[in-house]
Enquirer: 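Next up is a structure, given as structure tokens.
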There are 2 protein chains.
Amino acid sequence: MSCNYEVKTKFLRGFADKTRLQILDCIKEEEKAVSQIVKEINGNQSNISQHLSCLKGCGIITGRQEGRNVYYSIRNEETRQLLAMFDIVLNQVEQDVACCEINKRLLPGEKVKENV
Amino acid sequence: MSCNYEVKTKFLRGFADKTRLQILDCIKEEEKAVSQIVKEINGNQSNISQHLSCLKGCGIITGRQEGRNVYYSIRNEETRQLLAMFDIVLNQVEQDVACCEINKRLLPGEKVKENV
DNA sequence: CTGATGTATTAGTATAAACTAATATGATTG
DNA sequence: CAATCATATTAGTTTATACTAATACATCAG
């Protein structure tokens, strides 16, 4: 299993964006039309539409057209559970994450604080 | 919950890279030294080191120095479970994911295939 | 102390992803 | 059919991320 890293990466990248996480939070309980989402997270229509397209392409959400509206929702229960699990794991990690900076320059004499 | 999107995004971005997923697969069962990882995934030492640093900064892995070696492993059981869950959810999604391309240009007359 | 080994960091460059503004499509209403 | 509304797409730009090569640091053996 998990040898198709391309697909897996693409899937996980779907979650790895602030705006997309906001969208997911926004629709995690119930489906919503694009315009609702745009309003609720105070976003730009074009931008949100592109993110929705990405999320859909990644298999994270699903869309259903009704009249001129398109309603998006979390694709399935497993994905919803995954979202919940993110929060659980994050709670145990919260402290450490804040400072993931690749190529961080140390000040003279400064030591990396070991979070081992 | 889940209002600190910056931190959450950073955490999830840790998983959203092919090389990092390979590393995680490589160490998911047991801790390994950097050089072992480099060898097993046939990578570049500098590159792997940077990815390890990122994973550590994201709170996904933890490192322990022993002599000149540094051994990395998955941070905790919850994170290991999260990794397992990725595979589970992916199985149900596999089909759809392959084609998440933002700004994909349609050929004349081509219709987006609806995966609704 | 010197050289060798293992790991980390830096600097520079290439690539990919996200944002904005403008425009296009598609459905509905009158 | 024309106007409107909701959403999607495009094109261009900016920003972030990943990669490579070179170098630094830290530990150990002799």
Side-chain angles (χ1 to χ4, degrees), chain A residues 5-6 9-10 12-23 31-39 41-58 61 63-72 100-114 116, chain B residues 5-6 9-10 12-23 31-39 41-58 61 63-72 100-114 116:
Chain A
Y5 291 111
E6 322 287 341
T9 303
K10 192 164 271 184
L12 293 173
R13 272 205 60 77
F15 297 100
D17 177 86
K18 185 185 164 186
T19 304
R20 291 197 289 275
L21 287 177
Q22 287 184 276
I23 293 173
E31 65 169 19
K32 288 193 185 143
V34 178
S35 51
Q36 290 180 268
I37 300 169
V38 169
K39 198 182 296 175
I41 75 182
N42 193 28
N44 164 301
Q45 185 270 322
S46 165
N47 189 16
I48 299 300
S49 180
Q50 289 176 66
H51 281 299
L52 286 167
S53 163
C54 174
L55 285 166
K56 186 177 170 185
C58 293
I61 64 174
R64 152 186 100 73
Q65 179 146 17
E66 186 182 311
R68 4 189 186 190
N69 295 314
V70 179
Y71 292 89
Y72 286 98
C100 171
E101 285 163 84
I102 301 175
N103 298 338
K104 177 184 182 182
R105 170 174 293 143
L106 294 178
L107 300 173
E110 189 187 6
K111 272 281 188 180
V112 175
K113 58 172 171 303
E114 285 291 326
V116 182
Chain B
Y5 291 111
E6 321 288 343
T9 302
K10 191 165 270 183
L12 292 173
R13 272 205 59 79
F15 298 100
D17 177 87
K18 185 184 166 189
T19 304
R20 289 196 291 273
L21 287 177
Q22 287 183 276
I23 292 173
E31 65 169 16
K32 288 190 184 144
V34 179
S35 52
Q36 288 181 267
I37 300 170
V38 169
K39 199 183 295 175
I41 74 182
N42 193 28
N44 164 302
Q45 185 270 322
S46 164
N47 190 16
I48 300 300
S49 180
Q50 288 175 65
H51 281 299
L52 286 167
S53 163
C54 175
L55 285 166
K56 186 177 171 188
C58 292
I61 65 174
R64 152 184 100 75
Q65 179 146 15
E66 187 181 311
R68 0 187 190 192
N69 294 316
V70 180
Y71 292 90
Y72 287 98
C100 171
E101 284 164 84
I102 300 175
N103 299 337
K104 177 183 183 183
R105 170 175 293 145
L106 294 179
L107 300 173
E110 188 187 7
K111 273 279 189 181
V112 176
K113 58 169 173 303
E114 284 291 328
V116 181

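Here is how names work: the chains are called A, B, and so on, in the same order as the sequence lines, proteins then strands, and each is numbered from 1.
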Enquirer: Look only at the side chain of A/E66 and the backbone of A/R68, and say whether a donor-acceptor pair between them is shorter than 3.5 Å.
Expert: no
Enquirer: When you match A/E66 and A/S46 each to their closest nucleotide on DNA chain C, which lands nearer the 5' end?
Expert: A/S46
Enquirer: Taking the side chain from A/E31 and the backbone from A/A33, do they hold a donor-acceptor pair closer than 3.5 Å?
Expert: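 No; zero donor-acceptor contacts below 3.5 Å.
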Enquirer: Can you say whether a donor on the side chain of A/Q45 sits under 3.5 Å from an acceptor on the base of D/dA6, or the other way round?
Expert: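 No such pair is found, so the answer is no.
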Enquirer: Who passes ring-ring contact (aromatic ring centres under 6.0 Å, His included) against B/F15, sequence neighbours left out?
Expert: B/F11, B/F86
Enquirer: Rounded to whole Å, please give me the gap between CG in A/N47 and C1' in D/dG12.
Expert: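 Rounded to whole Å, this separation is 15 Å.
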Enquirer: Report yes if a side-chain nitrogen or oxygen of A/H51 is closer than 4.0 Å to either non-bridging phosphate oxygen (OP1 or OP2) of C/dA17; otherwise report no.
Expert: no
Enquirer: Please write out the pairs of protein N or O atoms and N or O atoms of nucleotides 1-5 of chain D separated by less than 3.5 Å, giving the distance to one decimal.
Expert:
residue : atom : partner : partner atom : Å
D/dT4   : O2   : A/R68   : NH1          : 3.3
D/dC5   : O4'  : A/R68   : NH1          : 3.3
D/dC5   : O2   : A/R68   : NH1          : 3.4

Enquirer: Under 4.0 Å between a side-chain N or O of A/R20 and OP1 or OP2 of C/dA18?
Expert: yes
Enquirer: As a test of reading the structure: which of C/dC19, D/dT20, D/dC19 is closest to the side chain of A/Q50, going by heavy atoms?
Expert: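 Output: C/dC19.
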Enquirer: How would you list, by chain and number, every residue that makes a side-chain contact (heavy atoms from CB on, under 4.5 Å) with B/S49, sequence neighbours excluded?
Expert: B/Q45
Enquirer: Enter the distance from B/H51:NE2 to B/I37:CD1 here, rounded to the nearest 0.5 Å.
Expert: 12.0 Å
Enquirer: With a 4.0 Å cut-off on heavy atoms, is A/S35 in touch with a base, just the backbone sugar-phosphate, or nothing at all?
Expert: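 Sugar-phosphate contact only - A/S35 comes under 4.0 Å of backbone atoms but never of a base.
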Enquirer: Nearest-nucleotide wise, let me know which of B/G67 and A/R13 is further upstream toward the 5' end of DNA chain D.
Expert: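 Comparing both residues, the 5'-ward one is A/R13.
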Enquirer: What heavy-atom pair brings A/G14 and A/R20 nearest, and what distance separates the two atoms?
Expert: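 Closest approach of A/G14 to A/R20, heavy atoms only: O-NE, 2.8 Å.
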Enquirer: Return the value, rounded to whole Å, for the distance between atom CD1 of A/I61 and atom P of D/dT7.
Expert: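 It works out to 13 Å between those atoms.
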Enquirer: Check every atom of D/dA18, C/dA18, D/dT7 against the side chain of A/N69 and return the nucleotide holding the closest atom.
Expert: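 Nearest to the side chain of A/N69 among the choices is D/dT7.
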Enquirer: Would one find a side-chain N or O of A/Y72 under 4.0 angstrom from OP1 or OP2 of D/dA6?
Expert: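 No, because none of the side-chain N or O atoms of A/Y72 sits under 4.0 Å from OP1 or OP2 of D/dA6.
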